[in-house]
Novice: 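Encoded as structure tokens, here's the structure I'll be asking about.
It should be emphasised that the depicted structure is a prediction, and the values quoted were computed from it without experimental measurement.
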Amino acid sequence: MSSAGKASSVRHIETLHVKTSRRTEWVNITSEVSRSVAASGVSEGICQLFVPHTTAGITINEGDDPDVARDMEAAFDRMVPREGGYKHYEGNSDSHIKATLVGCSQRVWIENGSLRLGRWQAIFFCEFDGPRNREVRLKIVPDPVP
């Protein structure tokens with residue numbers, strides 16, 4: 001809430017920093033995003049998430065059982081193997097392909113000052129070329145006031 005006790009009508013932009021520890025790693029960032037939404041004072045709106053990297057992405061999937069993220073990591077590594085006869089000279093073409101499959105952005109509704117995710121949903125930063133220090137950019141936009 002703003003100092004006047006009303007919900008914020010101003011967009012909020014923030015960068016989250018994510019440190020990964022493995023080449024392929026799905027990091028649950030839901031808590032960090034939720035804290036940013038709460039701090040923004042926006043009660044109704046949209047949280048836009050953007051990953052400005054070509055070998056990482058962002059997705060929404062089950063966050064209750066951590067084995068789901070590990071299974072997804074393994075499935076992506078099977079679908080797009082590291083050694084695939086790719087031409088890219090840096091040797092990380094598989095990472096670019098995986099990031100393209102996942103995508104670099106997501107949008108989540110904000111209702112009553114909280115992310116409106118499904119019961120089992122969580123927001124995952126998807127690393128495909130780690131370990132690295134990465135960014136996730138948030139833009140928290142309030143609904144227009146009628």
Novice: Does Leu16 belong to the same Ile/Leu/Val/Met/Phe/Trp/Tyr cluster as Val51, with side-chain heavy atoms less than 4.5 Å apart forming each link?
Specialist: yes
Novice: In sequence, state the C-alpha distance, the side-chain angles, and the governing distance for Glu32 and Thr30, and then conclude on side-chain contact (heavy atoms from CB on, under 4.5 Å).
Specialist: CA-CA 6 Å; Glu32 293 86 347; Thr30 309; over 6 Å; no
Novice: Does any pair with a residue in residues 137-146 pass side-chain hydrogen bond (donor to acceptor under 3.5 Å, both in side chains), and if so which ones, sequence neighbours excluded?
Specialist: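 Non-adjacent pairs meeting side-chain hydrogen bond (donor to acceptor under 3.5 Å, both in side chains): Glu135-Arg137.
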Novice: Does any pair with a residue in residues 91-117 pass salt bridge (charged side-chain N to carboxylate O under 4.0 Å, His left out), and if so which ones, sequence neighbours excluded?
Specialist: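 Sorted pair list: Arg23-Asp94, Asp77-Lys98, Asp94-Lys98, Glu111-Arg116.
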Novice: What are the two closest heavy atoms between Gly118 and Gln121, and how far apart are they?
Specialist: N-OE1, 2.7 Å
Novice: Within the structure provided, determine whether Arg11 and Ile140 are in side-chain contact (heavy-atom separation under 4.5 Å).
Specialist: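 They are not in side-chain contact.
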Novice: Would you say Val136 and Ile29 make side-chain contact, with heavy atoms under 4.5 Å?
Specialist: yes
Novice: Do Asn28 and Ile123 have side chains that approach each other closer than 4.5 Å (heavy atoms only, starting at C-beta)?
Specialist: no
Novice: Which label fits Phe124 and Trp26: parallel for a plane angle under 30°, tilted from 30 to 60°, or perpendicular past 60°?
Specialist: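 Judged by the thresholds at 30° and 60°, the geometry between Phe124 and Trp26 is tilted.
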Novice: Could you check if a side-chain atom of Leu49 sits within less than 4.5 angstrom of a side-chain atom of Val33, using non-hydrogen atoms only?
Specialist: yes
Novice: Measuring only between side-chain heavy atoms, which start at C-beta, is Phe125 closer than 4.5 Å to Thr20?
Specialist: yes
Novice: Any sub-3.5 Å donor-acceptor pair from Thr24's side-chain atoms to Glu73's backbone N or O?
Specialist: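 Between the backbone of Glu73 and the side chain of Thr24 there is no qualifying donor-acceptor contact (under 3.5 Å).
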Novice: If you define the side chain from C-beta out and look only at heavy atoms, does anything of Arg134 sit under 4.5 Å from Thr55?
Specialist: yes
Novice: Are a donor atom and an acceptor atom from the side chains of Asn112 and Ser114 found within less than 3.5 Å of each other?
Specialist: no
Novice: State, yes or no, whether a side-chain contact exists between Phe76 and Ser95 at a heavy-atom distance under 4.5 Å.
Specialist: no
Novice: Just how far is it from atom OG of Ser36 to atom NE2 of His12, taken to the nearest 0.5 Å?
Specialist: 5.5 Å
Novice: Counting only heavy atoms from other residues, nucleotides and ligands, does the tally under 6.0 Å from CD of Glu90 exceed 12?
Specialist: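 Yes, because the 6.0 Å sphere around CD of Glu90 holds more than 12 heavy atoms from other groups.
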Novice: Which residues pass the ring pair (Phe, Tyr, Trp, His ring centres under 6.0 Å) test with His53, not counting sequence neighbours?
Specialist: none
Novice: Can you check whether Leu117 reaches Val108 side chain to side chain, under 4.5 Å on heavy atoms?
Specialist: yes
Novice: Distance check, rounded to the nearest 0.5 Å: Ser40 atom OG versus Ile110 atom CD1?
Specialist: 5.5 Å
